[in-house]
Amino acid sequence: MRRKFVAGNWKMHGSLAENQTRLSQLAKGLSQLKTLDMAVFSTAPYLFQCKSLLAATPVKWGAQNISEHAQGAFTGETSVAMLQDFSCDYVIIGHSERRELFAENDAQVAAKFVQAQTGNITPILCVGESLQQREAGTTVEVISRQIQAVLDVVGIQKFAQAVIAYEPIWAIGTGKTATPQQAQEVHSAIRSLLAKNDQCVAQNMQILYGGSVKPGNAAEIFAQPDVDGALVGGASLNAGDFMEICKAAS
Ligand code: 13P
């Protein structure tokens with residue numbers, strides 16, 4: 001049985017004061033939840049704060065990005081060792097905002113996946129199609145290519161310590177959610193692609209959906225057999241909304 005996993009990607013939002021309020025509200029609400037995996041993703045400067053406020057809770061934390069290099073003259077980058085210093089369990093890799101706004105390519109995404117795992121940090125590999133690609137009927141092809149690019153570098157067994165997030169670009173921050181059927185169709189295609197390589201890895205893989213997940217639509221998305229939770233953006237900034245989404249998964 002796969003556990004449900006709800007992750008909050010704060011993106012470039014927050015401050016010491018805001019985070020403090022959000023994290024303490026989160027910690028207070030935890031007793032209402034049944035078993036599920038939870039994590040929040042702050043920007044790098046606030047990882048120390050996540051560590052100090054969440055260490056005594058079951059909520060994990062992680063970074064939104066990682067360098068593909070171990071160390072060196074890479075101004076502005078954060079290495080895996082630095083994320084380890086702040087006890088990150090997870091790191092988001094290949095978010096569409098990184099791919100589109102910072103021109104990250106499949107090869108870099110694969111290199112970041114490798115780096116994360118060298119430090120025992122679980123990569124959450126994001127994949128997703130644009131509206132144009134969906135309308136052209138190439139969704140599954142695009143997603144398969146994005147996953148295959150990493151598989152070719154690391155091999156299927158490394159996916160046993162990874163999470164995949166399907167985030168259709170047209171649904172991110174737009175208020176447009178994929179229908180539960182659209183999400184299920186892609187999640188099932190992802191699981192089939194993994195199963196061709198290894199049945200066990202495919203069956204155990206947590207595949208999260210991301211894109212305008214809100215308290216009002218979370219339950220129907222989570223009811224799909226291949227949807228194992230959500231990577232939540234906007235709604236994760238409101239502790240009450242995030243807890244509602246967690247409740248829908250628990
Ligand atoms: P929204 O929930 O704001 O659409 O963002 C989704 C996302 O990009 C999470 O990584």
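Everything numeric in this text was worked out from a predicted model, so none of it was measured. We're numbering straight along the sequence, starting at 1. When a ligand or atom number is given, it counts from 1 through the structure's own listing order.
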Is there a heavy atom of S96 sitting under 4.0 angstrom from any atom of ligand 1? no
Any K11 heavy atom less than 4.0 Å to ligand 1: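 It does, in that a heavy atom of K11 comes within the 4.0 Å cut-off of ligand 1.
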Please work out whether any backbone atom (N, CA, C, O) or any side-chain heavy atom from C-beta onward of N9 is under 4.0 Å from ligand 1, and answer side chain, backbone, both or neither.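 Side chain only; the backbone of N9 stays clear of ligand 1.
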Which bit of A235 is near ligand 1, meaning a heavy atom under 4.0 Å away: side chain, backbone, both or neither? neither
Which of the numbered atoms in ligand 1 are below 4.0 angstrom from a heavy atom of [X]?
X: G173; value: 1 (P), 3 (O), 4 (O)
X: L231; value: 9 (C), 10 (O)
X: G211; value: 4 (O), 6 (C)
X: A171; value: 4 (O)
X: S212; value: 1 (P), 2 (O), 4 (O)
X: E167; value: 6 (C), 7 (C), 8 (O), 9 (C), 10 (O)
X: G234; value: 1 (P), 2 (O), 3 (O)

Whether H95 side chain and E97 backbone form a donor-acceptor pair below 3.5 Å: yes
No-hydrogen, no-angle side-chain donor-acceptor test under 3.5 Å, [X] and [Y]:
X: Q146; Y: D106; result: no
X: S130; Y: Q133; result: yes
X: E77; Y: N65; result: no
X: K158; Y: Q117; result: no
X: Q115; Y: E68; result: no

Among all protein heavy atoms, pick out the one at the shortest distance from atom 2 (O) of ligand 1; state its residue, atom name and that distance to 0.1 Å. G233 N, 2.9 Å
So the ring-ring contact (aromatic ring centres under 6.0 Å, His included) pairs with at least one residue in residues 10-60 (sequence neighbours excluded) are none
In terms of side-chain geometry, is the basic nitrogen of E129 or R134 positioned less than 4.0 Å from the acidic oxygen of its partner? yes
